[in-house]
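Below is one structure, written out as structure tokens; the observations come after it.
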Amino acid sequence: MAPLAPRSGDAVFANIERVNAELFTLTYGAIVRQLLTDLEEVEEVNKQLDQMGYNIGIRLIDEFLAKSNVSRCVDFKETAEVIAKVGFKMFLGVTASVTNWDADGTTCSLVLEDNPLVDFVELPDTCQGLYYCNILSGVVRGALEMVSMKTEVTWVRDMLRGDDTYELRVKLLKQVPEEYPYKDDE
Amino acid sequence: MIGAGKVKHYATVLDKPLSKGKQEVSLSAFAFLFSELVQYNQTQVDNIAELERRLEDAGYAVGARVLELLCHRDKGNRRETRLLGILSFVHSTVWKVLFGKVADSLEKGTEHEDEYMISEKELLVNRFISIPKDMGTFNCGAFVAGIVRGVLDSAGFPAVVTAHFVPMEGQQRPRTTILIKFAEEVLRREARLG
């Protein structure tokens with residue numbers, strides 16, 4: 001069977017089931033609020049959000065590959081573009097732009113202009129250290145790990161903290177060579 | 001290069017115009033998020049009742065905000081003050097906004113005057129959920145029950161709201177019924193208003 005042509009983020013998004021973004025936004029808000037009540041420390045909440053994102057990422061990659069027909073990316077540059085234009089669009093209905101590449105092409109920024117997680121949100125003084133959208137960095141890290149890329153994903157700009165946009169810094173740490181998860185019977 | 005000039009900046013969230021609520025995200029994005037909510041809460045409790053209570057609490061927070069948002073945006077800052085009015089607001093307006101459709105049915109309980117039921121053949125939050133045998137009657141609809149309670153309570157209609165699976169003849173999956181039991185004061189007020 002001939003490989004299916006990769007689909008654009010818009011095409012995938014138009015053809016999948018969708019829900020109102022406000023339900024999503026408010027549910028995420030409820031989660032963050034619950035974590036803040038339970039864990040008390042903002043640092044712990046950041047960690048937990050990242051962990052939840054990671055859990056999502058390692059499962060979400062399957063759906064991404066199945067629905068987007070994206071084939072193997074030739075390099076990390078292409079990977080970043082695909083995440084920004086297809087990945088974000090397909091799940092959150094928004095696209096990101098890829099910028100600020102470093103010289104050796106292993107670190108870049110995903111800049112989000114529209115972010116459905118943060119509607120209605122304002123950080124109170126007590127939560128200034130909170131990375132409200134930390135779940136997103138976890139998702140990217142988890143999803144890339146499943147396609148053999150170890151990454152470090154951090155927020156460098158966050159509008160809730162007074163910056164002018166949302167910027168996620170993605171750093172490729174290493175590309176894990178593919179191997180079978182089991183040993184041959186000896 | 002970073003699309004400068006496209007994004008408008010507002011001093012506070014209150015200066016920002018209220019969105020029309022037409023934006024969407026994928027159903028799976030929501031399902032993934034909801035599943036994390038359930039899994040996280042599972043680590044915080046010892047029993048099913050507690051888990052349902054925590055999901056309900058999370059839902060309550062959503063409901064309280066949904067009421068405020070919808071009254072402001074869709075109803076010109078007015079809210080329902082009568083029992084049937086608020087029930088149909090939940091069943092129609094709230095459901096339509098949150099779940100994209102009006103709820104399948106709204107019924108009055110036959111045995112008790114203070115009970116009403118909103119039923120849904122396939123509740124959005126239960127779409128991708130199968131309950132393990134050892135979790136008995138646990139229903140993730142507790143989250144939606146919480147939303148309903150949040151709306152009702154914030155509108156001045158305190159009630160106990162619970163979610164139940166109801167087996168349907170000829171259907172493989174049970175439907176979910178959200179049972180609303182209003183507080184006594186609500187019914188007394190209703191009677192007085194005539």
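Lettering follows sequence order; numbering is per chain, from 1. Predicted model only: the values in this text are computed from it and were never measured.
Across every non-hydrogen atom of Ala58(B) and Ala30(A), the tightest pair is O-CB, 3.5 Å. Of all heavy-atom pairs spanning Ser26(B) and Met90(A), the tightest one is CB-O, 3.4 Å.
Distance CD1/Ile56(A) to OG/Ser35(B): 7.0 Å, rounded to 0.5 Å. Here CZ of Arg33(A) is found 11.0 Å from CG of Asp57(B). Values are rounded to the nearest 0.5 Å.
With hydrophobic clusters built from ILVMFWY side chains whose heavy atoms lie under 4.5 angstrom apart, Ile61(A) shares a cluster with Met149(A). Clustering ILVMFWY residues whenever any of their side-chain heavy atoms sit less than 4.5 angstrom apart, transitively, puts Leu84(B) in the very cluster that holds Phe182(B). Taken together through direct or relayed side-chain contacts under 4.5 Å among Ile, Leu, Val, Met, Phe, Trp and Tyr, Val156(A) and Ile83(A) form parts of separate hydrophobic clusters. Two different hydrophobic clusters hold Ile131(B) and Val166(B) under the rule that ILVMFWY side chains link at heavy-atom gaps under 4.5 Å. The hydrophobic cluster containing Tyr54(A) also contains Leu65(A), counting ILVMFWY residues as joined when their side-chain heavy atoms lie under 4.5 angstrom apart, directly or transitively.
Here Val97(B) is the residue among Val66(B), Val97(B), Ile147(B), Leu124(B) with the most heavy-atom pairs under 4.5 Å with chain A. Among the candidates Gln39(B), Gln44(B), Lys22(B), Arg54(B), the residue making the largest number of heavy-atom pairs closer than 4.5 Å to chain A is Arg54(B). Put simply, of Leu92(A), Asp38(A), Asp114(A), the one with the most heavy-atom pairs under 4.5 Å next to chain B is Asp38(A).
Heavy atoms from other residues, nucleotides or ligands lying under 6.0 Å from CD of Gln171(B) number more than 12. Heavy atoms from other residues, nucleotides or ligands lying under 6.0 Å from NZ of Lys96(B) number 12 at most. Enclosure of atom CD in Glu107(B) by more than 12 non-hydrogen atoms of other residues, nucleotides or ligands within 6.0 angstrom is indicated. The environment of Lys108(B) atom NZ is dense: over 12 non-hydrogen atoms of other residues, nucleotides or ligands sit within 6.0 angstrom. The number of heavy atoms from other shown groups lying within 6.0 Å of CD (Glu145(A)) is above 12. Around atom NZ of Lys101(B), more than 12 heavy atoms belonging to other residues, nucleotides or ligands sit under 6.0 Å away. Other residues, nucleotides and ligands place no more than 12 heavy atoms under 6.0 Å from the NZ atom of Lys150(A).
In this structure the side chain of Leu35(A) reaches within 4.5 angstrom of the side chain of Tyr40(B), judged on heavy atoms. Between Met52(A) and Leu33(B), the closest side-chain pair of non-hydrogen atoms is not below 4.5 Å.
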Does Leu69(B) form a side chain to side chain contact (heavy atoms under 4.5 Å, CB included) with Phe120(A)? I'd like the steps, not just the answer.
CA-CA 10 Å; Leu69(B) 177 66; Phe120(A) 318 120; 3.9 Å; yes
Given Leu60(A) and Phe32(B), is the side chain to side chain contact (heavy atoms under 4.5 Å, CB included) satisfied, shown in steps?
CA-CA 8 Å; Leu60(A) 164 149; Phe32(B) 278 127; 3.8 Å; yes
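In this structure, no portion of Tyr60(B) lies under 4.5 Å from any heavy atom of chain A. Only the side chain of Ile135(A) comes within less than 4.5 Å of a heavy atom of chain B; its backbone N, CA, C and O stay farther away. There is no contact between Val12(A) and chain B, counting heavy-atom distances below 4.5 Å.
Of residues 13-28 of chain A, those residues lying under 4.5 Å from chain B by any heavy-atom pair are Phe13(A), Ile16(A), Glu17(A), Arg18(A), Val19(A), Asn20(A), Ala21(A), Glu22(A), Leu23(A), Phe24(A), Leu26(A), Thr27(A), Tyr28(A).
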